[in-house]
Amino acid sequence: MAFIRVGPEDFDPAAEVVALQAEAGDAGAIATFLGIVRRGQDKPIEAMTLEHYPGMTERAIARMVAEAESRWPLSGCRVIHRTGRIPVGGRIVLVLTASRHRQAALEATSFLIDWLKVGAPFWKKEHPEAGEGRWVEARPADDAAAGRWH
Amino acid sequence: MAFIRVGPEDFDPAAEVVALQAEAGDAGAIATFLGIVRRGQDKPIEAMTLEHYPGMTERAIARMVAEAESRWPLSGCRVIHRTGRIPVGGRIVLVLTASRHRQAALEATSFLIDWLKVGAPFWKKEHPEAGEGRWVEARPADDAAAGRWH
Amino acid sequence: MKLQVLYFAWLRERIGLAEERVEPPQEVASVADLVGWLRSRGAGYAEALADPGRVRCAINQEFATLGAALAHGDEVAFFPPITGG
Amino acid sequence: MKLQVLYFAWLRERIGLAEERVEPPQEVASVADLVGWLRSRGAGYAEALADPGRVRCAINQEFATLGAALAHGDEVAFFPPITGG
């Protein structure tokens, strides 16, 4: 039922909401999370590159979505994650869930983005306005956030 | 900082995301909740009418938004709630929050929609496909959901 | 004491009015007093305000309880429990 | 035993390869053995795989631990902790 897409193409959040609504039938609640490349303050960047492990990424996301569907009564779910170079302000990731119940949609969206951060093989490289690109270090806080859902 | 609109006009979720991104500056996370008129199963409806208390509604929402802003580091927030008759599948309410932190955006969105359900003076009347319109009864579950945030 | 009284949703429908200006007798000092006085004004009022458990109130656009005191010029609204969002 | 080995992010950069087909000696039976053998293949490998605490592994696109056993034909991937989303 879920739609999962991983790749370099940008996406249109509005079109995704329309598509989700069409798939979801009589859903009363749609929750979304949109992740965007931040410029940052201390060492401002101009872009970010997202590398991933093709094949494993899609499997990992499909498993997360199946887990979300088993926990909450979702009537639709879409996960889109971009790869490649994305400029500051550009879209990285979009999670949409539809449900009859607003809390199901909101919680499933939280769950999916928390797990995407730690469970799908993506790696971010930041490109500062000046100097070499640098790989982002994993944050223990992300493990903790995903751990909330055990 | 927050944008609040209450009235009969429909809204375009995509345009609202763009506006929020422009206001929010360097936000990395945008969470949204979109509420839609459900047809329902037992006694299907064809539309819903939302009545409100002009003036008090906007004040109540502004106070909720201020509360959300004091609890989470938001860089932007928009709340749009429609009034009047809305057909099945039509948009009722949109909450958008932007933050540097994804959990702040997701939690603030949850908080705002939970409180809107019990704290802003709106009343829903359902119009069944056959028969008279009927006012929706308040659900104790909504009070409980809002109570989570005390 | 003059009051502006507003009714919403099914209270509005049963009373048949969205808004009215009233001047209740001097012994009406609280919301509860006002409810009692309004009930005496007709069948629609009596029916709409029959069950205080189903009626909510705001004074000057702030939620208020049945015990709240009224003052000249107040805007008093009666409505069912909220069902928005 | 033939293995397809993949490297991602800074491991890929330090080793200078995204993917390679290897045939390690017979005593290489686990991921940990493979890491030890790869380290011996050059400075880039030694540097990339120096700190097992910073390296994660998958066998046939499933997360695996250092102790996991390897089999002929496996696809083994090494990468840093995940930073997506």
Side-chain angles (χ1 to χ4, degrees), chain B residues 4 6 33-38 48-64 79-84 86 91-95 109-126 132-146, chain C residues 2-22 30-31 34-35 38-39 43-85:
Chain B
I4 295 164
V6 178
F33 180 86
L34 172 63
I36 292 165
V37 178
R38 289 189 58 222
M48 199 169 253
T49 295
L50 276 124
E51 182 167 330
H52 80 304
Y53 183 172
M56 182 172 172
T57 316
E58 291 82 354
R59 288 169 66 154
I61 297 175
R63 201 173 303 146
M64 282 170 214
V79 177
I80 302 177
H81 201 302
R82 287 177 70 196
T83 58
I86 308 174
R91 292 177 275 262
I92 304 170
V93 59
L94 181 70
V95 175
T109 298
S110 257
F111 170 87
L112 286 167
I113 191 68
D114 281 352
W115 273 103
L116 270 172
K117 294 257 174 192
V118 299
F122 288 104
W123 303 277
K124 282 180 181 151
K125 188 176 202 172
E126 296 178 334
E132 283 280 290
R134 56 180 176 245
W135 291 97
V136 175
E137 295 282 326
R139 302 188 322 141
D142 287 329
D143 284 315
Chain C
K2 287 180 183 172
L3 301 169
Q4 193 72 13
V5 185
L6 284 65
Y7 308 102
F8 291 98
W10 52 258
L11 280 95
R12 175 179 52 70
E13 290 178 345
R14 289 190 198 163
I15 292 169
L17 270 178
E19 192 163 351
E20 64 181 326
R21 197 158 182 78
V22 299
S30 69
V31 173
L34 179 63
V35 168
L38 288 168
R39 270 195 210 130
Y45 291 95
E47 197 199 337
L49 299 167
D51 180 359
R54 298 186 65 208
V55 176
R56 301 289 178 271
C57 172
I59 301 176
N60 300 323
Q61 307 193 349
E62 301 284 343
F63 291 105
T65 59
L66 278 176
L70 297 172
H72 179 76
D74 278 350
E75 176 177 300
V76 185
F78 293 102
F79 44 79
I82 281 165
T83 56

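Side chains are part of it too, since the values below use all heavy atoms of this structure and drop only hydrogens, waters and symmetry mates. Lettering of chains follows the sequences in order, A, B, ..., and the numbering in each one begins at 1.
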>> Please output the residues of residues 67-78 of chain C in contact with chain B, using a heavy-atom cutoff of under 4.5 Å, in numerical order.
In response: E75(C), A77(C)

> Which bit of R12(C) comes within less than 4.5 Å of chain B, counting heavy atoms only: side chain, backbone, both or neither?
Replying inline: side chain

>> Can you tell me which portion of A9(C) sits under 4.5 Å from chain B's heavy atoms? Options are side chain, backbone, both or neither.
In response: both

>> To the nearest 0.5 Å, what is the distance between NZ on K125(B) and CD on E13(C)?
In response: 3.0 Å

> Rounded to the nearest 0.5 Å, what separation is found between the CD atom of E137(B) and the CH2 atom of W10(C)?
Replying inline: 8.0 Å

> Counting N and O atoms only, with roles assigned by atom type, does the side chain of T83(C) sit under 3.5 Å from a partner on the main chain of K124(B), one being a donor and the other an acceptor?
Replying inline: yes

>> If I compare all heavy atoms of I82(C) with all of V118(B), which pair ends up nearest, and what's the gap?
In response: CD1-O, 3.5 Å

> In terms of heavy-atom proximity below 4.5 Å to chain C, should R139(B) be classed as side chain, backbone, both, or neither?
Replying inline: neither

>> Would you say that M56(B) contacts E62(C) through its side chain, given a criterion of any heavy-atom pair below 4.5 Å between the two side chains?
In response: no

> What residues form a ring-ring contact (aromatic ring centres under 6.0 Å, His included) with F8(C), not counting sequence neighbours?
Replying inline: Y53(B), W123(B)

